[in-house]
Amino acid sequence: MSELTQYVTDYCTSEHFLFLDPSVKEYAEPILLNWSWIIENNSSTDIHDSLTAMGKLSVPSEVKKSIPYLITEYCEYLNTTGKFPQAGEWKSSIQSQSNSFLSRLRSDGSFKGETFVKKYSDVNRNSLCPCGSNKKFKKCCLPLIS
């Protein structure tokens with residue numbers, strides 16, 4: 001167990017944890033462990049990517065709405081106790097991206113991903129389709145974009 005994930009258990013037994021919404025407390029430890037693991041083990045992951053990963057967790061929609069708040073409170077705990085000085089920067093970053101996270105949540109609790117649109121402008125209609133189906137573009141994907 002690494003240092004940041006070790007502090008999750010400390011947080012969940014602290015008095016800071018007592019002030020959380022009871023419906024969130026049940027899921028708090030797994031959410032924070034998952035977030036901590038993502039932050040520690042993926043050096044290229046930034047706060048935006050870590051929040052996006054949290055949106056894909058299988059938890060009730062009410063709990064998903066509280067994820068930015070939960071992580072912010074965890075970072076506040078780490079910062080005030082001096083256990084992880086970098087957590088103060090994370091807290092402000094999470095707070096600034098909280099609205100973006102909440103806007104990507106659907107009413108059913110699913111999370112909107114980022115849509116990737118493939119450009120077909122440089123494909124001849126009689127050439128093979130770039131999707132890899134081995135059909136001609138005009139018979140495969142051209143009707144989808146017309």
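Quick note: numbers below take in every heavy atom, side chains included, and nothing from hydrogens, waters or symmetry partners.
Applying the salt bridge (charged side-chain N to carboxylate O under 4.0 Å, His left out) definition to pairs two or more places apart or across chains, those involving residues 78-93 are Asp10-Lys83, Glu76-Lys91. Listed by first and then second residue, the salt bridge (charged side-chain N to carboxylate O under 4.0 Å, His left out) pairs that reach into residues 23-37 come to none, sequence neighbours excluded. Applying the ring-ring contact (aromatic ring centres under 6.0 Å, His included) test to residues at least two apart or on different chains, the pairs with a partner in residues 50-74 are Tyr11-Tyr74.
In this structure, the separation between NE2 on His16 and OG1 on Thr80 is 4.0 Å, given to the nearest 0.5 Å. Rounded to the nearest 0.5 angstrom, Leu33 CG and Cys12 SG are separated by 7.5 Å. Rounded to the nearest 0.5 Å, atoms CG (Leu18) and OG1 (Thr13) are 9.5 Å apart. The OG atom of Ser92 sits 9.5 Å away from atom CG of Asn79, with the distance rounded to the nearest 0.5 Å. In this structure, Lys64 NZ and Arg106 CZ are separated by 10.0 Å, a value rounded to the nearest 0.5 Å. Annotation: the span from Gln95 atom CD to Ile71 atom CD1 amounts to 12.0 Å, rounded to 0.5 Å.
The side-chain contact (heavy atoms from CB on, under 4.5 Å) test applied to Val24 returns Asp21, Ser66, Leu70, not counting sequence neighbours. Judged as a ring-ring contact (aromatic ring centres under 6.0 Å, His included), and not counting sequence neighbours, the contacts of Trp90 are Trp35, Phe84. Looking at residues two or more places apart in sequence or on another chain, you find a side-chain hydrogen bond (donor to acceptor under 3.5 Å, both in side chains) between Asp108 and Ser110. In this view, Arg125 satisfies the side-chain hydrogen bond (donor to acceptor under 3.5 Å, both in side chains) rule with no residue, not counting sequence neighbours. Every residue meeting the side-chain contact (heavy atoms from CB on, under 4.5 Å) condition with Ser98, not counting sequence neighbours, appears here in chain and number order: Pro68, Leu102. Scanning for side-chain contact (heavy atoms from CB on, under 4.5 Å) contacts around Pro60 gives Tyr27, Glu62, Val63, with sequence neighbours left out.
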Side-chain donor-acceptor pairs of residues 128-138 under 3.5 Å, sequence neighbours excluded:
unit_1 : atom_1 : unit_2 : atom_2 : d
Ser133 : OG     : Lys135 : N      : 3.4
Lys138 : NZ     : Asn126 : OD1    : 3.0

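Just one residue in the list Ile31, Thr72, Leu105 forms a side chain to side chain contact (heavy atoms under 4.5 Å, CB included) with Ile67, and that residue is Ile31.
Nearest heavy atoms, Ile38 versus Ser50: CG2-CB, 4.1 Å.
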